Q: 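Here it is, the structure, as structure tokens.
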2 protein chains.
Amino acid sequence: MAKRRKMQPILRKRPEQDRSRATVEVILDAAARILVRGGYEAFTTNRVAEKADVSIGSLYQYFPNKESLLGELMRRHTIAIESGIEAVAPQAQDPPFADVVRAAIEHIVRAHLVDPELHRVLSETPPLGKLDWEATFAERLAARVKAAFEARRSEIVVRDLDLAVYVVTRAVEAVVHNAATERLSDLKSGVLTDEVTRMLVGYLTGKATPVKRAVRAAVG
Amino acid sequence: MAKRRKMQPILRKRPEQDRSRATVEVILDAAARILVRGGYEAFTTNRVAEKADVSIGSLYQYFPNKESLLGELMRRHTIAIESGIEAVAPQAQDPPFADVVRAAIEHIVRAHLVDPELHRVLSETPPLGKLDWEATFAERLAARVKAAFEARRSEIVVRDLDLAVYVVTRAVEAVVHNAATERLSDLKSGVLTDEVTRMLVGYLTGKATPVKRAVRAAVG
DNA sequence: ATATGATATGAGCAATAGCTCACTTTATGG
DNA sequence: CCATAAAGTGAGCTATTGCTCATATCATAT
């Protein structure tokens, strides 16, 4: 008598043959393209199936519901970001504070350069909006930033560290996020990273940073 | 033979009696409450009418379509913000640069303290998201900020003024916007304004600002 | 060949959306 | 009064949504 309700696995059926794996891929591609072009409004399962040139039945053989499609899209996007992030070299010991700050910013920039359009849509999409990875990513980042600040406490003039971490992370995330759609070239060239780095270092240490170019100019 | 298509006035019919004016008000109230509670997902015309305790027919007598409901809501919100902003005193001549910066920030803070929840939902709502006033508001603000920067060019160490304006406006807007839902008390108390002011002044002038409390502690 | 499971199809269902319109009720003014 | 206009009603139309399921096709192994 137990009513079956929202208790399905993430993927209804594991695709085992090459043919079906391809089908899943085509579906996800179509989903991403529709999301990017028309936003969540245009994102309907029927349209996705049509654009993927696959019957609606096939879609529902692998995805138990609309939300799971979004979920898988997000999962993959997260993975793409995380793997791209691993390229960040571990810090040499006792580097200039400015370099630490810059490294963190490049962290975020890199994340936003992985399929920026899809990134934007996913992060603003109603049912999942700012969910999962954005939360945990932000948390991990905040922890990391705070640790870095504490390690350099003597160089930092700001009183309230927690507040500083909050202000800094939101500010950077937002500037980068916006720049990903409004000033993509500045993002890619590193000009924006320079600027934001100077802002943070100035704010935190109370000293102006000499305007010097980054060691490596481009990030993506 | 001309097909009638999306060409209706903003308000289908002007309410002329007190009774109908009240009806319009009740509808808008319900709309706002539904938006705040359930987001755009829950925002359906039938539900709005139901919550307003008004027949769906009455709703459509004053609002030609769903979008116009959102539009009117936004229009009123804009007006509320703008009138609240006028309270900002005109600057004394040649005030300290920090004061100018602080005034601009308080500008934005004030805007976000007018019904913060509704503000958030409206700014993230799909069909209008970041439309109209957010665009023009940002433009006017950017122009104002740039003018202020130019007037103080000698005190500013940043090279690229346009880039600086971009970084500054996005950063402040985002920090304040996020704080409106995550750190409302810090926003109201002025602590956050202090912090952001210090960040900007440090960034722009290259000098650390002495940590002094604002003249008036609270904004809203 | 043939049996078996994996894969694919698409007509169509139940639910809900935005919205209309024929109609009733309430207010106003001569 | 009563005529006219304003205001209010809600059953229900049309379109679309997410999603199912009976059926058909393809792949593989014996």
Side-chain angles (χ1 to χ4, degrees), chain A residues 3-28 30-31 34-35 38-73 125-128, chain B residues 3-28 30-31 34-35 38-73 125-128:
Chain A
K3 300 181 203 168
R4 288 183 254 135
R5 274 223 180 244
K6 297 197 182 194
M7 256 302 149
Q8 288 133 343
I10 301 173
L11 250 69
R12 171 170 289 181
K13 181 198 280 181
R14 266 204 58 186
E16 309 211 329
Q17 302 177 5
D18 281 357
R19 182 162 55 125
S20 56
R21 268 186 289 267
T23 300
V24 170
E25 234 54 35
V26 173
I27 292 172
L28 286 172
I34 287 181
L35 266 180
Y40 186 69
E41 229 188 333
F43 184 70
T44 71
T45 53
N46 286 301
R47 248 199 278 282
V48 169
E50 188 186 22
K51 192 116 190 165
D53 213 26
V54 151
S55 89
I56 180 67
S58 291
L59 190 156
Y60 276 97
Q61 221 149 78
Y62 301 103
F63 300 94
N65 51 47
K66 183 181 174 177
E67 202 181 352
S68 73
L69 240 178
L70 269 181
E72 178 64 11
L73 229 40
T125 249
L128 307 167
Chain B
K3 300 180 201 168
R4 287 182 257 137
R5 272 218 180 252
K6 300 196 179 194
M7 255 303 146
Q8 288 134 342
I10 300 174
L11 248 71
R12 172 170 286 181
K13 182 198 280 183
R14 268 205 57 186
E16 311 210 329
Q17 303 178 5
D18 281 357
R19 181 163 54 125
S20 56
R21 269 186 288 268
T23 299
V24 169
E25 234 53 36
V26 174
I27 291 172
L28 286 172
I34 286 181
L35 267 180
Y40 186 69
E41 230 186 332
F43 184 70
T44 71
T45 53
N46 286 301
R47 247 198 280 282
V48 168
E50 189 186 20
K51 193 116 193 167
D53 213 26
V54 150
S55 89
I56 182 66
S58 290
L59 189 156
Y60 277 97
Q61 226 155 65
Y62 302 103
F63 300 93
N65 50 48
K66 183 181 174 176
E67 201 181 351
S68 73
L69 240 178
L70 270 181
E72 178 64 12
L73 229 40
T125 248
L128 308 168

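In what follows, every chain begins at residue 1, and chains take the letters A, B, ... in the order their sequences are listed. Note that the structure is a prediction, hence the values are computed from the model and not measured.
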Q: Please confirm whether the shortest side-chain N or O distance from B/R47 to OP1 or OP2 of C/dA17 is below 4.0 Å.
A: yes

Q: Between D/dA27, D/dA7, C/dA8, which one does the side chain of A/Q17 approach most closely?
A: D/dA27

Q: Let me spell it out: for each of B/R21 and A/N46, pick the nucleotide of DNA chain D with the closest heavy atom. Which residue's pick is nearer the 5' end?
A: B/R21

Q: Tell me which nucleotide among D/dT9, C/dT9, D/dC19 gets nearest to the side chain of B/Q61.
A: D/dT9

Q: Please report, rounded to the nearest Å, how far the C1' atom of C/dA8 is from the CD1 atom of A/I27.
A: 10 Å

Q: Using whole Å, report how far OH of A/Y62 lies from P of D/dG18.
A: 21 Å

Q: Using every non-hydrogen atom in the two residues, find where A/V48 and A/I27 come nearest and quote the distance to one decimal.
A: CG1-O, 3.7 Å

Q: Might you point out which heavy atoms bring A/A42 and A/R47 nearest each other, and give the distance in Å?
A: O-NE, 3.0 Å

Q: So does B/Y60 get a side-chain nitrogen or oxygen closer than 4.0 Å to the phosphate oxygens (OP1/OP2) of C/dT20?
A: no

Q: Would you mind telling me which residue lines up with the more 5' stretch of DNA chain C, B/R19 or B/G57, judged by nearest nucleotide?
A: B/G57

Q: Taking only the side-chain nitrogens and oxygens of A/T45, find out if one of them lies under 4.0 Å from OP1 or OP2 of D/dG18.
A: yes

Q: Atom NZ of A/K66 and atom P of D/dT16: how far apart are they, to the nearest Å?
A: 15 Å

Q: Looking at every non-hydrogen atom in both residues, tell me the closest pair between B/L69 and B/A31 and how far apart they are.
A: CD2-CB, 3.9 Å

Q: For D/dG10 and B/S55 - does any side-chain N or O of the residue sit under 4.0 Å from the phosphate oxygens OP1/OP2?
A: no

Q: Measure the distance from CD on B/E41 to P on C/dT16 and round it to the nearest whole Å.
A: 13 Å

Q: If you round to the nearest 0.5 Å, how far is CG of A/D53 from OG of A/S58?
A: 10.5 Å

Q: Can you name the nearest heavy-atom pair linking A/P15 to A/R21, along with the distance?
A: O-NH1, 3.5 Å

Q: Please state how far atom OH in A/Y40 lies from atom P in D/dG18, giving the value in whole angstrom units.
A: 7 Å

Q: How close or far is atom P of C/dA17 from atom CD of B/E50, stated in whole angstroms?
A: 10 Å

Q: How many whole angstroms separate atom CD of B/E16 from atom C1' of C/dT26?
A: 15 Å

Q: Rounding to a whole Å, what distance do you find between B/I56:CD1 and C/dT16:C1'?
A: 13 Å

Q: When the nearest nucleotide of DNA chain C is assigned to B/T44 and to A/T23 on a heavy-atom basis, which residue is associated with the more 5' position?
A: A/T23

